[in-house]
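Below, chains carry the letters A, B, ... as their sequence lines are ordered, and counting in each starts from 1.
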Protein chains: 2
Amino acid sequence: MSAAHSGEVGAEAIRPPGATVRRAPSRSSRKRESSESLNQNGHRVTIDQVAREAGVSTATVSRVLAGIGSVNATMAAEVKRVAATLGYRPFGAARDLASGHHRSIGVVVPDLANPYFYDIIQSAQTAAAKDGYRMLIADSGGDPATELSMCEDLLSQAGGLIVQSSRMDVTALKSLAAHNSPVVLINRVEYGVDLPHVGVDNFSAMLEICHHLTSLGHSKAVYLAGPASSWQNQERWRAIQQARMMGLEATAITAEPTIQGGYAATDAALVERPTAIIAFNDLVASGVLARLRELGVDVPKKMSVTGFDDIVFAKFTQPALTTAVTPRAVLGEQAWKILKARLNGHALPEVPLVKAEVLIRDSSAAPPER
Amino acid sequence: MSAAHSGEVGAEAIRPPGATVRRAPSRSSRKRESSESLNQNGHRVTIDQVAREAGVSTATVSRVLAGIGSVNATMAAEVKRVAATLGYRPFGAARDLASGHHRSIGVVVPDLANPYFYDIIQSAQTAAAKDGYRMLIADSGGDPATELSMCEDLLSQAGGLIVQSSRMDVTALKSLAAHNSPVVLINRVEYGVDLPHVGVDNFSAMLEICHHLTSLGHSKAVYLAGPASSWQNQERWRAIQQARMMGLEATAITAEPTIQGGYAATDAALVERPTAIIAFNDLVASGVLARLRELGVDVPKKMSVTGFDDIVFAKFTQPALTTAVTPRAVLGEQAWKILKARLNGHALPEVPLVKAEVLIRDSSAAPPER
DNA sequence: CAACGCTGAGTAAGCGCTCTCTCACCTTTG
DNA sequence: CAAAGGTGAGAGAGCGCTTACTCAGCGTTG
């Protein structure tokens, strides 16, 4: 261990006195480089300035602004006035550091351009905001490799995470769970991974769609499947296979879970000569509808098409889409509820899979007579 | 001013020595309450622990993890190994406080469920992430009153803000500008407010739509207008009025800027007996299309309909929508570019309004013969 | 071979808040 | 009227990092 520098007596004789003191100026010059949240003079307005100006202690300013503890009304008003005049804005990082926890949660989704996620994000954001939390969002691009590092990164900024990670591999999930991270999974149930989750009961909903189809008289369908590794896809496919007992024969063809994906996969689906096409989700179904229109295949007279999710546009496709309504706003709220309990050290609330109601619109009808 | 407490000699005699020292334990017990980012023992893993375990100083750990400065390779490897083993995750707030700036930017939009914003959010997030910034997102619900406080709130957590605030009043904007806040406005040009902005050239694009319509032979149109206070709406309407010189007579009817809004306003538009309906955006146009279909009005034979924005669904409406392609991804990137320059104290890059290309699809054609 | 860079790594001073302690000053009680 | 109990506000110790400053240990030069 080397000798102490400025604290050691002998060293003091060698160095000019006040060497340590001289650091302060260089400090402040460093800060001037960034212009974030600085006032006209290029300095950040701190709580100390407000306190000095208002003639009170920083503790009091803190109390007034946080609205906790009892403070003399006149004093409080003065503090607020000074804070407003100075344009004081608490520096979040300092607050978080002092209080020991972040006031943000992170949300990771595979594709921010997908309308499915926005209802979740919106409701989660609203719910979290009510409890004073902000929301960080990140688009993983659906890449399993970056997903974990993205989560790790967000976890250094956020108190907890809501993760919609259909693809992220189990090892990554386990690593998250192992470090005891406050993470809630959306639409993914993974046995053997100790992470709470919320999700839609995909199985029941898809079974209901199949039932709707068979009761209409369909017996041959094609399932335009989503990503093979996705839990949602697995559940939906499991339901379709189970529907064999109801007399529905189905083959699966994988498609990109997008409009383009549905559009592109339609021709291959037609080769199977089905009377119904069960799409992984509404996006895919929309693509199918567009392609069938091009091909002159009448929906629903010649072909029934079903979607999943009931995104806002499902009602306005031509014809309007028969689909399963996944209550995404509920998912967002539930996710926050669990995360909040987790952050506060409470017992995690038990939340069952959310039921999705099947909405029959105009894209499904009895199959054509043979 | 009252006398100092523990620093005063007289007081020392009264209180037991070491009174202040006793605070430490109560501190740590406070922290145990929150379970965020704590390891199995209920403690946060800090850089000190990593340093001790790896037998180096915290400075070295910091350098290794930040990847700056030169560190002995063996030492670096060991530090990384220890950090991984311990599940060390830097506490973002401490980092931000020490370095003096937040590594997040905030984005405020009036409605997260509006697909218009998806591309902006996605591209801005991607661009910012490349520079090591996270993205905080907030839904103001379009309420002008909450918008400012939401911005203020975010500014205490974020280095800067990207604001899409069609409604926020000028006073609020000025207050933001007055405090020298790093804010970039999207799709709003406000003279007299010293805040940088990026936006689409709504005027030219709408003029081009009008030109398209007049060249087709239309002379009577209805504009289904967006929010009156919105800059975008004002620009678009200004273009339509200018189109009178091209022989296009148009009246404006205000509609909610949603699918439902377009649907609901269609009947009122028809009263004017136009041959074309110019919708504020694609959402409104979709609603119009849905209502016209219900009414049995053939588009485009009996009625032309145009949208604006080219959201992903515009291509798949029936008929496919003629619209102006607003390059939203570009907007997001530009916004970040400006914000970044602002945060780094560089001169703000000059960015002109982005041109929107008009895409003629199937919802517009020559008006019916009289 | 001495004087002089370099380099790599340690030391420790804050960053701007929060919150526990502590005490001065009042208001109740016995 | 003294003792006990409240209550409001100040003091100041950190929170976990980053980074300026410092210096020991070497490799270069003249």
Quiz item: How long is the line joining CG of A/Asp48 and P of C/dG14, in whole Å?
Solution: 14 Å
Practice problem: Could I get the full list of side chain to side chain contact (heavy atoms under 4.5 Å, CB included) partners for B/Lys174, not counting sequence neighbours? | Solution: B/Val170, B/Val193
Practice problem: Identify, between A/Ala94 and A/Ala59, the residue whose nearest nucleotide on DNA chain D lies closer to the 5' end. | Solution: A/Ala59
Quiz item: Separation of A/Leu97 atom CG from D/dC15 atom C1', in whole Å?
Solution: 4 Å
Exercise. Name all residues meeting the side chain to side chain contact (heavy atoms under 4.5 Å, CB included) criterion together with A/Thr60; count only those two or more places apart in sequence or in a different chain, and write none if there are none.
Key: A/Val56, A/Ser57, A/Arg63, A/Val64, A/Val71, A/Met75
Exercise. Could I get the full list of side chain to side chain contact (heavy atoms under 4.5 Å, CB included) partners for B/Thr46, not counting sequence neighbours?
Key: B/Asp48, B/Gln49
Practice problem: Just jot down the salt bridge (Lys or Arg N to Asp or Glu O under 4.0 Å) partners of B/Asp139, sequence neighbours excluded, or say none. | Solution: none
Pairs under 3.5 angstrom, nitrogen or oxygen only, protein versus nucleotides 6-8 of chain D, please.
| unit_1 | atom_1 | unit_2 | atom_2 | d |
| --- | --- | --- | --- | --- |
| D/dG8 | OP2 | A/Ser70 | OG | 2.2 |

Practice problem: Applying salt bridge (Lys or Arg N to Asp or Glu O under 4.0 Å), name anything that partners A/Asp131, two or more places apart in sequence or on another chain. | Solution: A/Lys340
Quiz item: Would the B/Tyr133 and B/His102 ring centres measure less than 6.0 Å apart?
Solution: no
Exercise. Answer yes or no: are there more than 12 heavy-atom neighbours, outside A/Asp143 itself, under 6.0 Å from its atom CG?
Key: yes
Quiz item: What is the bend of the helix from C/dC1-D/dG30 to C/dG30-D/dC1 when you compare the axis at one end with the axis at the other, using five pairs each and rounding to 10°?
Solution: 40°
Quiz item: Sequence neighbours excluded, which residues qualify as salt bridge (Lys or Arg N to Asp or Glu O under 4.0 Å) partners of B/Arg134?
Solution: A/Asp153
Quiz item: For B/Gln164, which residues count as a side chain to side chain donor-acceptor pair (under 3.5 Å) partner, sequence neighbours excluded?
Solution: none
Quiz item: Can you tell me how far P of D/dG16 sits from CZ of B/Arg89, to the nearest Å?
Solution: 15 Å
Quiz item: How many Å lie between CZ on A/Arg95 and C1' on D/dG16, as a whole number?
Solution: 18 Å
Self-check item: B/Gln157 CD to C/dC17 C1', straight-line distance once rounded to whole Å
Solution: 12 Å
Practice problem: Calculate the interatomic distance between A/His101 atom NE2 and D/dG16 atom P; express it in whole Å. | Solution: 14 Å
Quiz prompt | Residues that B/Arg81 engages under salt bridge (Lys or Arg N to Asp or Glu O under 4.0 Å), provided they are two or more places apart | solution = B/Glu78
Quiz item: For the pair made of OH in A/Tyr88 and P in C/dC17, what is the distance, rounded to whole Å?
Solution: 3 Å
Quiz prompt | Residues forming a side chain to side chain contact (heavy atoms under 4.5 Å, CB included) with B/Asp169, sequence neighbours excluded | solution = B/Thr171, B/Ala172
Quiz item: Between atom CZ in A/Phe91 and atom C1' in D/dC17, what is the gap in whole Å?
Solution: 12 Å
Practice problem: For C/dG16, take OP1 and OP2 only and decide whether either is under 4.0 Å from a side-chain N or O of A/Thr46. | Solution: no
Practice problem: May I ask you to list the residues of residues 60-68 of chain B, by number, that have any heavy atom positioned under 4.0 Å from an atom of DNA chain D? | Solution: B/Ser62, B/Arg63
